[in-house]
Structures are given as C-alpha cells and as structure tokens.
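A quick write-up on the structure given underneath.
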Amino acid sequence: MPMYSHTVDHKVYRFQDLRDLLAKASPARSGDYLAGVAAADYEERVAAQMALAEVPLAQFLSETVIPYEQDEVTRLIIDRHDAEAFQPVAHLTVGDFRNWLLSDLATEATLARLAPGLTPEMAAAVSKIMRIQDLILVAKKCRVVTAFRTTVGLPGRLSTRLQPNHPTDDPAGVSASVVDGLMYGNGDAVIGINPATDNVNAVITLIQMLDAVIRRYEIPTQSCVLTHVTTSIEAINRGAPLDLVFQSIAGTEAANRSFGINLGILREGYEAARALGRGTVGQNVMYFETGQGSALSANAHQGVDQQTCEARAYAVAREFSPFLVNTVVGFIGPEYLYDGKQIIRAGLEDHFCGKLLGVPMGCDVCYTNHAEADQNDMDMLLTLLAVAGINFVMGIPGSDDVMLNYQTTSFHDALYVRKVLGSRPAPEFEAWLQRVGIFSGDAKILADKTPGIFLDSIRKLGV
Amino acid sequence: MSDILTPNLWHVLTRFTQARIGLGRAGTSLPTRPHLEFQFAHARARNAVHHPLDEQALRMALDTRGWRSFMMHSAAQDRATYLQRPDLGRIPSDASKAQLQAFSDARAECDISIVVVDGLSAFAIEQNALPVLDLLMPELTKQAFTVAPISIVRQGRVAIGDPIAKALGARLAVVLIGERPGLSSPDSMGIYITWAPQPGTNDAQRNCISNVRKDGLEYGEAIHKLMYLITEAFRRELSGVMLKDETAAAPQRLGRVGQNFLLE
C-alpha cells in the first residue's frame, strides 16, 4: 500500500514512501532521471510537491530515507537531532514550514537556534516546494560565521578561495597564480590548491610553500592542499605546517566509503588539525567539498534523489564545525545537472539547505564544456548567490582551471560582485589589502597604482 | 587606451604557467580582448562536443590502407541523450547488437579488437586516430598480433568496446576515444586497453593513456606506452590497476621550497 497520495481533479497520485515522495517532488534534473527516481511528468511532480507540503515535519524523525541500521549518516542525523531546538516548528507541515521561514517569525536569531533541530531531509523537503526567490530570501536571513585566521560569513562580506592550480604543481607556476589572485584582492577564504598527485611528499612540499608565502608576506589567510584526509593526517604526523584538512564528502555511508572515508576517519583528521592550534581568530579547521550527484556516481544513492543526498552531506559536515563547505555545483557534468537552468537552481538549493542546517556554505560556481552552460549562466548564479549572502566563491585566473579542465569564477568576477553589491572581503584580509596598497583606502576596491608588495620579486626575474 | 585599461605589471609571470594571469582590467572587469579570447576557446570546446564524427571519411582512409572496418552506434540516439545517459553510451543499439550477434555466431577469434569511438570530442578522433593507427598497426603486425576489423562507434563511451571486442572474439580491446574537451585542449584523445573484455568489465580493469594530441602526449610516446601495456597485458594476462605503466619518463617535476620567485 502506498503511504502517501494526493488527489487533483479526481486523479489520485500515489507515492510509495517518503523517499519516493521526495524524489518525485524534486524539480527536474538529469541525475534523477538517470537514477530512475524522478517524476514521470510535470503534473506528477507538482502533485508530489502538494503531497509533500502536507507531510508533518515530525514524520521525518520516524521515517528515514535510508534505514538507521544500514547507514551511519542516518544514525548521525537521528542521534544528533535536538528535539528542544525543533520545538518551534514541531507542529508544522512542510508547507507550513515554508510559510514560517518566509514570515517575520524566522529571524537570524530564531533560525540559528532552530538549525540543530532540523534534519537534512526536512531542509531538502521544504526547498523542493520553494521558488528561487524563496531560497534566496530565507538563506539571506541565515548567518553562519566561522574563523581561522580570517572571519568568514559576516554581514556584507564575500570571501574567495584563491585556486592557483597548476598541471604539475610547479612552485613558480602556482606562485604566479597566487600573485595574480592577491593583486586582485582574492584569497581570504583560503589559498587552496588541487594537487596533481596524492603523493604525501609532494603534498607536504606544497603545504610548506604556501605556509612560507603566507608568513613571508604576513597575509592573514589560511592554506589548504586538497588531498585525501588520510594524506593530510600523514602530513601532520610528519610535521607539515597544515592549516585546513580537506575532504570530499557525500550524504550516504556507501558513497563516503567510495571516497575512502567514514565518520571515524573524518574525526581523526579533525582532531589532528585541531591539535596544531594554528588558527589565530578561530579554530574551525575543516574544508569540505560536496556536490549533487556524487552519491549516484558512486552508485551509492540507494534510491534517494540527488538533492536530498546532498543535504545529508551537510549533516556530515556540521558534525565537524567546518571553516568552509563548498558545493562544486557544475563540475560533475550534464548527466547530473544538464544545463545552466539546472545548475543555477541546484546551487541555490545547496546554499539554502546548508545555511538552514548551520553550515558555512560557499559555492564553486562552475561548468564543464559538455554541459549546456556558459559564462552568462555563471554570472546569473554568482549574482544570485551573492544576493543570498553566500560565504565564499572561487577565484581563478580568467575563469580557466588549467589543471582540472573546467571553468569557475575568476578574480575579476569577485570584484564585479564587490562593485555592484558592495560586498567586502573578510575584515582581517581587507585590512591587509589596504595596508599593502592593493585596495584603495576609501572605496575598498583596487588601487590605481600597482602595489609594490611583490614587485621586487618580479623585477628580479629580469623584466 | 591606457587610460581606459589598466595593464598588469606581473604579466611577465605568464612564463611560469598557462593559467590566464595578468589579463589586465577595464575598471575591475575583464578587458574586451581576453573576454572574447575566452569566448572563442569555449566555442571551440563546445563545437568539439557537438561536432558529429565524419565516419565516412575515416572509413575511406582505413580502406585505402587496406584495413577493414565497420560501423556501430550506441543505444544513445542523439547527442542530448548521450550527454544525459552515460549508461546508453556503453551499450550498442539494437541494430548494432544484431550485427555483433552475427560476429559471435561466426565464432571469430583474434588477439586485438581496435574500437574507435567519438566520445565527447569527435575532433579528437578526426585529428588523432589515423596518425596513431598509422604507427600502431605496423607495430602489431611486427609482433604478429592478429587484429579484428576496426569498429567505428558513434555516441559511444569507453565501455562499449567490451561487447564489441567480445563478439569479435578478441583477447584484448584497444579503445581510441575523444576525451572531455578542455578550454585549451578541445582535441584530446584517450586510449584504453582492456584484457578479456566483456560486458560488465569495470574501469579498474582498464589502463588509460590520456591527452594524446599534437600539443599533449605526442604520438610516438603514446605508441611506446601502448605497446608496452599491450605486450605486458598479453604476458601477464591482465590489465588495470595490477598493470602499471613502467615506461613513465622522469617523474613529474614537483616543487621544492626555494625554487620560487616569491620566496627568493
């Protein structure tokens, strides 16, 4: 017997269980069709949204989308649920919850208190019946502030990850992109490299290099080499000056297993980095990356739609009080998010769900060349996320990642947002930008005169 | 112009990286020239994804060399389906399946089946497949490998080589396939080898040689690696993670603290 049904004009739509209902209520995207969990047509999708709107939030605490016994992420979600924090919305249905979130009852303070009382599935459910303006309006009310050597997520601020990737990790090649990014005022979230190899010695070399640059030029920021958590632990054991521990995470135990991790391994990484005590204004030490479709691509989605899987990854993230969580929204390819329309909606859903759950969300606003997307789509998503108050985005030279072969936001793009929305970098980094003359004092935007900070090093090259 | 544009004095650092650094700015935005150069690179990559493989030209070129070939199509009818359904790109269409059944019924046997697949860039195949085959075929002949007729596949993924090679009775599949185009590499070809190919083979059982193109891994070196992998696969009767490419020249140049203009 189907557990959920909805009748429209005498036609009865039936849904097997909450997992099925969530999948069919999800706005259309290629990954859910690939998985065979999507609604059959337009009307069934909206009927599912109508049925979902009538489900009490409390139902999500008794009916899990993946069984408690089978999945440690489900156990984490249920065991960590804060019933007292949940009280203000405990009597609401999903549809009422949308109304409540949009109402003036939901303020920065009430939303912060509510976060531990929400499960990822509740956040995913309400997002599925929200339009883009709803996702923006509510996310903007949520504030998640984290700190290490900079403070990220403050009102009116937008931070950037400087991503100086190079196909062979050549130190001068990496540094060339670091200079370019810093001169454009990027890098306050992190200077983060995707290394060409997971070899621990090569990783340590990069960590040492970034640490030396940060210390030599007294840059208030943090570094990260985006390698497997176990490689970071080994680097720490060998004495590397590591700031943030990176890991890709997903929303099911099986998908995390395919990444070679579980909650225990993440805990080890978290404790190893915390023990170093390298933060100055805070001790949030984890950098996580996520993205819709990752569970399906590992064939580990267990019949759950990709957006609900993604929201479950945020439950994994928040367990470790991360400094940064980055949804790499368009990287995975058109079999999961087909075009600009799907990528834009997914980016805003991820930001909304993450913030609602108390996670410091950033977004890699990006696409690959086989997706039906281009720079115009990225401009739209970047602008919408900035309006929604995203904590950070990527910054890369000219939008072109020459190592990972995809396109993400550029150093120039961050300055565009600063100009049109007045968003400023993290305060510690902004003060440094003004001190060394990269930003002008008044307008908080690039100075007319080229600052001298790196010029001596560059002139020595014989220009 | 200098009043309108602000150049970047650190443009000289482009000697260290192909990243798009030192582009200058108009206000704080991307100047017109680098903006349109980016647009062109993206347009070229998009064309690479959507350009249909000219299989007739390829077949004629193979014919003139005296190499037999035949056409296959995956179960993905068109490009839009192909891009959203990787599962369909891995299996032959019904018509192609029937053709393969005829091969199976004939109980053919051979050492190697070469499968040329458009993949995500038919440009890559049109530019690189013939030069690679021109070097590869004489090598295979020299080592007395028997080679099945070459199959040419439209809308295919790597794994479509498995059912094709299996039907041809091949002990090893060599798949040439167009890789996902990058902004600066729209014509990159991948070469995959699979020992004992059959439907259900997983990717950990394959070896890959990537980025084969004029400005990437050059043909001679690609053939050197490929012949090593083929020879070793036949000797050890396996492929994949257990078979490492030991031909790698000097390991990738990895940085050391100090070799860096910022820290000197």
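Side chains are part of it too, since the values below use all heavy atoms of this structure and drop only hydrogens, waters and symmetry mates. Labels below follow one simple rule: chain letters A, B, ... track the order of the sequence lines, proteins then strands, and each chain is numbered from 1.
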Query - chain A contact via B/Ala41 - side chain, backbone, both or neither, heavy atoms under 4.5 Å - result: neither
Query raised in the report: So which part of B/His50 gets closer than 4.5 Å to some heavy atom of chain A, the side chain, the backbone, both or neither?
Result: side chain
Report task. Name the option with the most non-hydrogen atom pairs under 4.5 Å to chain B; the candidates are A/Phe411, A/Phe454, A/Tyr367. Result -> A/Tyr367
Requested in this report: Let me know if A/Asp374 has heavy atoms under 4.5 Å from chain B in its side chain, its backbone, both or neither.
Outcome: both
Query raised in the report: Should we count CG of B/Asp215 as having more than 12 external heavy atoms under 6.0 Å?
Result: no
Query - Identified side-chain contact (heavy atoms from CB on, under 4.5 Å) partner of B/Gln84 from the options A/Tyr338, A/Tyr33, A/Tyr336 - result: A/Tyr338
Report summary line: Between the CD atom in A/Gln208 and the CG atom in B/Leu263, the distance rounded to the nearest 0.5 Å is 11.0 Å
Requested in this report: Quick one: pull up CG in B/Leu183 and OH in A/Tyr406 and give me the separation to the nearest 0.5 Å.
Outcome: 12.5 Å
Query raised in the report: Of the options B/His42, B/Arg180, B/Arg44, which is the one that meets A/Asn369 in a side-chain contact (heavy atoms from CB on, under 4.5 Å)?
Result: B/His42
Query raised in the report: Does CG belonging to A/Asn299 count more than 12 external heavy atoms closer than 6.0 Å?
Result: no
Query raised in the report: Should A/Gln375 and B/Gln39 count as side-chain neighbours, where that means a heavy-atom distance under 4.5 Å?
Result: yes
Report task. Would you mind checking if A/Arg216 and B/Glu264 are paired as a salt bridge, meaning a charged N to carboxylate O distance below 4.0 Å? Result -> no
Query raised in the report: For the residue pair B/Tyr82 and A/His370, is the inter-centroid distance of their aromatic rings smaller than 6.0 Å?
Result: no
Query raised in the report: Looking at A/Lys419, A/Met183, A/Met403, A/His412, which makes the most heavy-atom pairs under 4.5 Å with chain B?
Result: A/His412
Query raised in the report: Any side-chain heavy atom of B/Asn260 sitting closer than 4.5 Å to one from A/Met209?
Result: yes
Requested in this report: Could you tell me which of A/Ser399, A/Ala172, A/Ser177, A/Ser457 has the largest number of non-hydrogen atom pairs under 4.5 Å with chain B?
Outcome: A/Ala172
Query raised in the report: If you round to the nearest 0.5 Å, how far is OH of A/Tyr184 from CD1 of B/Ile21?
Result: 10.5 Å
Query raised in the report: Quick check: does any side chain N or O of B/Arg46 sit under 3.5 Å from a backbone N or O of A/Ala371, one acting as donor and the other as acceptor?
Result: yes
**Report entry** chain B interface, residue from A/Pro164, A/Gly398, A/Ser30 that has the most non-hydrogen pairs under 4.5 Å
**Finding:** A/Gly398
Query raised in the report: Given side chains that start at C-beta, do those of B/Trp10 and A/Thr450 come closer than 4.5 Å, heavy atoms only?
Result: yes
Report summary line: CG (B/Leu13) and CG (A/Leu461) are apart, to the nearest 0.5 Å, by 6.5 Å
Query raised in the report: What's the spacing between B/Phe38 CZ and A/Asp400 CG if we round to 0.5 Å?
Result: 6.5 Å
Query raised in the report: Below 4.5 Å, heavy atoms only, C-beta onward: do B/Phe261 and A/Ser175 meet side chain to side chain?
Result: yes
**Report entry** Gap between atom CG of B/Asn211 and atom CG of A/Asn405 - 0.5 Å precision
**Finding:** 8.0 Å
**Report entry** Top of A/Pro397, A/Pro334, A/Gly173 for chain B proximity - count of heavy-atom pairs under 4.5 angstrom
**Finding:** A/Pro397
Report task. Could you tell me whether a side-chain N or O of A/Tyr217 sits under 3.5 Å from a main-chain N or O of B/Leu262, the two making a donor and an acceptor? Result -> yes
Query raised in the report: Does atom CD of B/Glu37 have more than 12 heavy-atom neighbours, drawn from other residues, nucleotides or ligands, at distances under 6.0 Å?
Result: yes
Requested in this report: Could you check if a side-chain atom of A/Ile458 sits within less than 4.5 angstrom of a side-chain atom of B/Leu9, using non-hydrogen atoms only?
Outcome: no
Query raised in the report: Where does A/Leu404 contact chain B at under 4.5 Å (heavy atoms): side chain, backbone, both or neither?
Result: backbone
Report task. Check whether B/Ser185 gets within reach of chain A through its side chain, its backbone, both or neither, counting any heavy atom under 4.5 Å. Result -> side chain
Report task. Tell me, out of B/Thr17, B/Thr28, B/Leu23, B/Asn8, who's got the most heavy-atom pairs with chain A below 4.5 Å. Result -> B/Thr28
Query raised in the report: Checking A/Gln407 against chain B: side chain, backbone, both or neither under 4.5 Å from a heavy atom?
Result: side chain
Report summary line: So, the part of A/Ala35 with a heavy atom under 4.5 Å from chain B: the answer is neither
